[in-house]
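Below: one structure, written as structure tokens.
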There are 2 protein chains.
Amino acid sequence: MKGKGDSGTQALDRALDLFEQVLRDRGRTPLARLAARLEIPVSTAHRLVAAFERRHLIARGARGHYLAGMGLADLAPDRRLVLIQASRPLLRRLARQEKRTAHLGILEADMVTYLVKEAGGGTKLFTRELMQLEAYCTGIGKVLLAGLEPAARERYLAGGPFVRLTATTMTDPAELRASLAEIACAGHAVDDAEMAEGLHCLAVPLHDGQGRVTAAISLTGEASPATEDARRALLDALEATAQAIESRLYG
Amino acid sequence: MKGKGDSGTQALDRALDLFEQVLRDRGRTPLARLAARLEIPVSTAHRLVAAFERRHLIARGARGHYLAGMGLADLAPDRRLVLIQASRPLLRRLARQEKRTAHLGILEADMVTYLVKEAGGGTKLFTRELMQLEAYCTGIGKVLLAGLEPAARERYLAGGPFVRLTATTMTDPAELRASLAEIACAGHAVDDAEMAEGLHCLAVPLHDGQGRVTAAISLTGEASPATEDARRALLDALEATAQAIESRLYG
DNA sequence: TTTCATTCTCTCATAATGTGAGCAAATGAA
DNA sequence: TTCATTTGCTCACATTATGAGAGAATGAAA
């Protein structure tokens with residue numbers, strides 16, 4: 001009848017519809033009105049709310065008003081953990097396929113934290129999971145910086161100094177600012193031995209439901225791709241994986 | 001058959017059982033095992049998980065592993081708001097019944113924040129909702145301090161100075177420490193014009209599911225109860241209300 | 001106090017719904 | 001490759017949710 005993706009869970013779907021309504025409303029609208037909005041009879045709405053209330057997923061406010069229950073706090077997701085577990089299988093596949101090392105990193109206190117490392121080829125890389133590196137000289141770091149709010153980005157740029165690590169490391173804030181703008185526009189970053197000699201890296205951002213950059217993934221190898229076509233193929237695979245992870249996490 | 005408190009929501013209950021299992025497990029156990037633990041056939045478990053996954057309440061990790069979805073973050077409860085809305089109707093009733101002013105407060109940065117004020121009698125009190133007061137000289141404040149971990153309590157006591165506001169204000173840390181110990185033991189605090197002349201106040205704590213003190217409620221009037229029996233009745237009513245609020249929020 | 005409008009709980013006959021075995025395809029590790 | 005698991009799907013069946021209705025409870029306003 002509905003032709004939607006649901007099948008055999010109409011009751012659960014209706015219950016969760018109401019659940020989400022109640023939580024989002026934050027106790028402003030009486031249950032009867034919320035139920036009407038979803039075309040759920042009051043009688044049924046009460047039965048459903050009671051079921052959630054038993055588990056402390058919903059709490060009672062003033063007469064007719066309900067809100068999020070404290071039980072939800074216990075179930076709240078650890079964003080880092082979810083990010084790690086949801087992305088790892090996809091990064092592993094990508095790394096093996098491209099015979100390079102895949103990373104996922106997030107920005108924490110102006111540093112990049114590597115949450116996932118999946119080695120695909122023989123490359124021996126010094127990175128470890130949970131290791132922190134400077135942001136300005138890594139592909140993932142630059143993508144994350146490029147995704148910051150302008151104010152936060154400027155604060156970072158003012159926070160220097162940016163120590164030279166290789167011949168290609170960017171140490172001038174102005175140069176870095178221009179580079180970040182370009183990265184934000186292009187949607188990906190290149191790290192050509194800026195962090196360590198002989199390391200080439202390609203990185204793209206991960207967005208949350210509202211389009212904010214929350215993490216980034218990268219592919220690292222000992223040499224740049226031989227041809228422009230090879231580079232393009234690498235980027236495509238990386239972006240496809242980014243898409244896949246985003247879709248696992250959000251819509 | 002089961003004789004439990006559920007009625008007409010067996011499908012929903014089973015689905016939420018699985019939901020909670022998945023979330024608590026944090027991706028350690030494959031779905032098949034979790035399902036087995038709840039005596040849910042794999043076939044059914046997949047159908048249910050898919051329903052939650054559609055709403056991003058559950059996300060996919062490695063093959064067979066599922067975890068909390070990012071959608072939960074949006075629905076996370078604002079603890080202050082829940083506390084306010086769940087307690088207000090009960091405090092209002094209490095205030096009217098006892099013809100005194102009822103407050104609910106929490107400890108924030110060593111100060112008491114009054115989240116709820118319900119005036120029952122004619123008493124004109126200077127307090128406002130969201131107003132912050134010193135903790136050492138109010139009933140609610142003393143109950144909250146008494147409920148702190150010993151280390152945190154000592155830190156507070158070392159943080160003085162404790163300014164004298166009335167003739168009965170406690171200004172000596174040692175005296176205050178002894179008083180708090182007594183309060184923790186008795187389960188309630190008395191404020192006899194320690195904050196302002198002519199204000200008598202009785203306060204009791206609110207506990208979360210693990211028994212930690214998270215908030216406190218009080219009844220304030222312009223005079224002490226005339227008799228010991230009256231004082232006892234007041235305390236009983238206050239404790240009954242505390243119980244009722246706790247049961248709304250937790251188990 | 002006495003309205004009065006809602007909310008809330010319960011029951012019950014009905015049919016709409018979830019159920020779960022079983023099969024086949026997909027997946028990932030060895 | 002092989003093998004064990006996971007995953008998605010279908011379908012016949014009866015367990016299950018459903019929602020109207022009535023009465024009790026509640027809280028605000030007069």
Side-chain angles (χ1 to χ4, degrees), chain A residues 1-18 22 27 29-36 38-54 58-67 85 88-97 118 120 244 248, chain B residues 1-2 4-18 22 27 29-36 38-54 58-67 85 88-97 118-120 244 248:
Chain A
M1 248 244 178
K2 288 202 173 173
K4 294 195 92 184
D6 59 334
S7 60
T9 52
Q10 299 174 51
L12 177 57
D13 282 325
R14 237 153 59 113
L16 292 178
D17 277 340
L18 182 61
V22 168
T29 315
L31 180 60
R33 214 188 314 281
L34 289 180
L38 297 170
E39 303 182 78
I40 296 177
V42 249
S43 175
T44 303
H46 275 103
R47 177 157 17 97
L48 296 178
V49 167
F52 286 105
E53 204 187 348
R54 255 176 257 132
I58 283 182
R60 218 168 260 247
R63 172 157 249 254
H65 297 252
Y66 295 84
L67 17 85
Q85 299 209 41
R88 188 186 299 286
L90 299 173
L91 290 176
R92 173 169 301 178
R93 182 158 51 192
L94 175 67
R96 291 183 179 178
Q97 191 179 295
E118 283 293 332
R248 278 202 172 191
Chain B
M1 253 245 176
K2 286 201 174 177
K4 296 196 90 181
D6 58 336
S7 61
T9 51
Q10 300 174 51
L12 177 57
D13 281 327
R14 239 153 57 112
L16 292 179
D17 278 341
L18 183 61
V22 168
T29 315
L31 180 59
R33 214 187 315 280
L34 289 180
L38 297 170
E39 302 183 77
I40 295 177
V42 244
S43 175
T44 303
H46 275 101
R47 176 158 18 101
L48 296 178
V49 167
F52 287 105
E53 204 187 346
R54 254 176 258 133
I58 284 183
R60 217 168 261 247
R63 174 156 247 254
H65 297 252
Y66 295 83
L67 18 87
Q85 299 210 42
R88 188 186 298 286
L90 299 172
L91 290 175
R92 174 170 302 178
R93 181 157 51 190
L94 174 68
R96 292 184 179 178
Q97 190 178 295
E118 284 293 332
R248 278 202 174 191

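Naming: A, B, ... by sequence-line order, numbering from 1 per chain.
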For C:dT19 and B:T44 - does any side-chain N or O of the residue sit under 4.0 Å from the phosphate oxygens OP1/OP2?
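For C:dT19, OP1/OP2 do not have a side-chain N/O of B:T44 under 4.0 Å.
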At under 4.0 Å, does any side-chain N or O of B:S43 touch on OP1 or OP2 of C:dA21?
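For B:S43, the contact criterion (side-chain N or O under 4.0 Å from OP1 or OP2 of C:dA21) is not met.
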Describe the nucleic acid contact of [X] in one word from base, sugar-phosphate, nothing, applying a heavy-atom distance below 4.0 Å.
X: A:R33; answer: nothing
X: A:A62; answer: nothing
X: B:R93; answer: sugar-phosphate
X: B:A32; answer: sugar-phosphate

Of B:P89 and A:R14, the one whose closest DNA chain D nucleotide lies more 5'
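Looking at the nearest nucleotide for each, A:R14 comes out on the 5' side.
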Which is more 5' along DNA chain D, the nucleotide nearest B:R96 or the one nearest B:L12? Just name the residue.
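Residue closer to the 5' terminus by nearest nucleotide: B:L12.
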Just the rounded figure in Å: distance from [atom2] of [N] to [atom1] of [X].
X: A:H46; N: D:dT26; atom1: NE2; atom2: C1'; result: 12 Å
X: A:L18; N: D:dG19; atom1: CG; atom2: P; result: 12 Å
X: B:R248; N: C:dC8; atom1: CZ; atom2: C1'; result: 13 Å
X: B:L94; N: D:dT26; atom1: CG; atom2: P; result: 16 Å
X: A:Q10; N: C:dT19; atom1: CD; atom2: P; result: 12 Å
X: A:R54; N: C:dT9; atom1: CZ; atom2: P; result: 10 Å
X: A:H65; N: D:dT26; atom1: NE2; atom2: P; result: 17 Å
X: A:L48; N: C:dC8; atom1: CG; atom2: P; result: 14 Å

Can you give me the closest heavy-atom contact between [X] and [Y], atom names plus distance?
X: A:L67; Y: A:G27; value: CD2-CA, 4.2 Å
X: B:R248; Y: B:P89; value: NH1-CG, 4.0 Å
X: A:A51; Y: B:D13; value: CB-OD1, 4.3 Å

Please state whether the base of C:dT19 and the side chain of B:R47 form at least one donor-acceptor pair under 3.5 Å?
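No.
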If you check the A:R60 side chain, which of D:dA25, C:dA29, C:dT9 turns out closest?
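From the listed options, C:dT9 comes nearest.
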Listed nucleotide nearest any side-chain atom of B:R92, set D:dT7, C:dC8, D:dA28:
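Taking heavy atoms from C-beta onward, the closest nucleotide is D:dA28.
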Return the 5'-most residue of the pair A:A11, A:R63 with respect to DNA chain C, ranking by each residue's nearest nucleotide.
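Nearer the 5' end of the strand: A:R63.
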Got a second to check how far A:L18's CG is from A:I58's CD1, nearest 0.5 Å?
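Here the rounded value is 6.5 Å.
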Roughly how far, to the nearest 0.5 Å, is OG1 of A:T9 from CG of A:L16?
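One finds 8.5 Å between CG of A:L16 and OG1 of A:T9.
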